[in-house]
Amino acid sequence: MEGFSDRLLREHHAAWEAMQQHRFVVDIEHDRLPETVFNRYLVFEGNFVATAIAIFALAVSKAPGIRQQRWLIGVLNALVDTQIAWFEQVLAQRAVNPADYPDSLPGVLRFRDGMLNVAQQGSYEEIITLMFGAEWMYYHWCLRVSAQPQQDADVRRWVEMHAEDEFFQQASWLKAELDSCAQRLNEEQRQALSVLYGKVLQWEIDFHSAAYRD
Ligand SMILES: Cc1ncc(CO)c(N)n1
């Protein structure tokens, strides 16, 4: 039988494909992403790590048991240590000053506030839907693009970080957890999660488009 996560992928195939073929993704695939776009994206992403920490912390507090909490705390640890450190190092090395790239753009704010509001107001299942939406999509484009070369070592590393087995395990855990959560929901609740998943993909598309603003 089709799992719930595969149902979401099927129901939102058009938005999924729009993200997989987003200008940002295809520019990296063809090794032609403008440096200013990547620098701006790094600032937006670095700021989003703080939001992601808040979202995963809310998931820990709303999780149904210790098994889920143990895994999610591992994710939090990676965000707080490895990810934050990577952004500090890469922004310094590229001499990118976040103040030069204001992130109060509609696409960035909708993504950040949309995700954070759902995490604050919503259920554990909704938070799992958010993060499955973000990570499974990201893993897939990075895996495809990692087969092509990127000259900029930071762009290359960024793609690799999201095509590696560790990130695949994280995205797969969210997928399996969502399938398991959905078994305990009625059809109306599943429909609501499907609507939410569609929003996440659209928020992602708009977030990635925002990096092109000059
Ligand atoms: C904007 C965005 N979406 C998804 C991911 C995957 O974690 C990410 N790092 N950034």
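Note that these values count all heavy atoms, side chains included, but never hydrogens, waters or copies made by symmetry. First listed ligand is number 1; within each ligand, the first listed atom is number 1.
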According to side chain to side chain contact (heavy atoms under 4.5 Å, CB included), who are the partners of Ser180, at least two apart in sequence or on a separate chain?
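For Ser180 the side chain to side chain contact (heavy atoms under 4.5 Å, CB included) partners, ignoring immediate neighbours, are Arg184.
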Taking only residues two or more places apart in sequence or in another chain, which ones pass side chain to side chain contact (heavy atoms under 4.5 Å, CB included) with Arg190?
Phe4, Arg7, Ala182, Leu185, Glu187
Output every pair passing side-chain hydrogen bond (donor to acceptor under 3.5 Å, both in side chains) with a member in residues 108-119, not counting sequence neighbours, ordered by first then second residue.
Arg110-Asp206
Exercise: do His162 and Ser146 side chains pair donor with acceptor under 3.5 Å:
no
Does a salt bridge link Glu177 with Arg67, judged by any charged N lying under 4.0 Å from a carboxylate O?
yes
Can you pull every nitrogen or oxygen pair between ligand 1 and the protein closer than 3.5 angstrom?
| from | atom 1 | to | atom 2 | distance (Å) |
| --- | --- | --- | --- | --- |
| ligand 1 | 3 (N) | Glu204 | OE1 | 3.0 |
| ligand 1 | 3 (N) | Glu204 | OE2 | 2.7 |
| ligand 1 | 9 (N) | Glu45 | OE1 | 3.3 |
| ligand 1 | 10 (N) | Glu45 | OE1 | 3.3 |
| ligand 1 | 10 (N) | Glu45 | OE2 | 2.5 |

Distance-minimising heavy-atom pair for Leu76 and Ile53
CD2-O, 3.4 Å
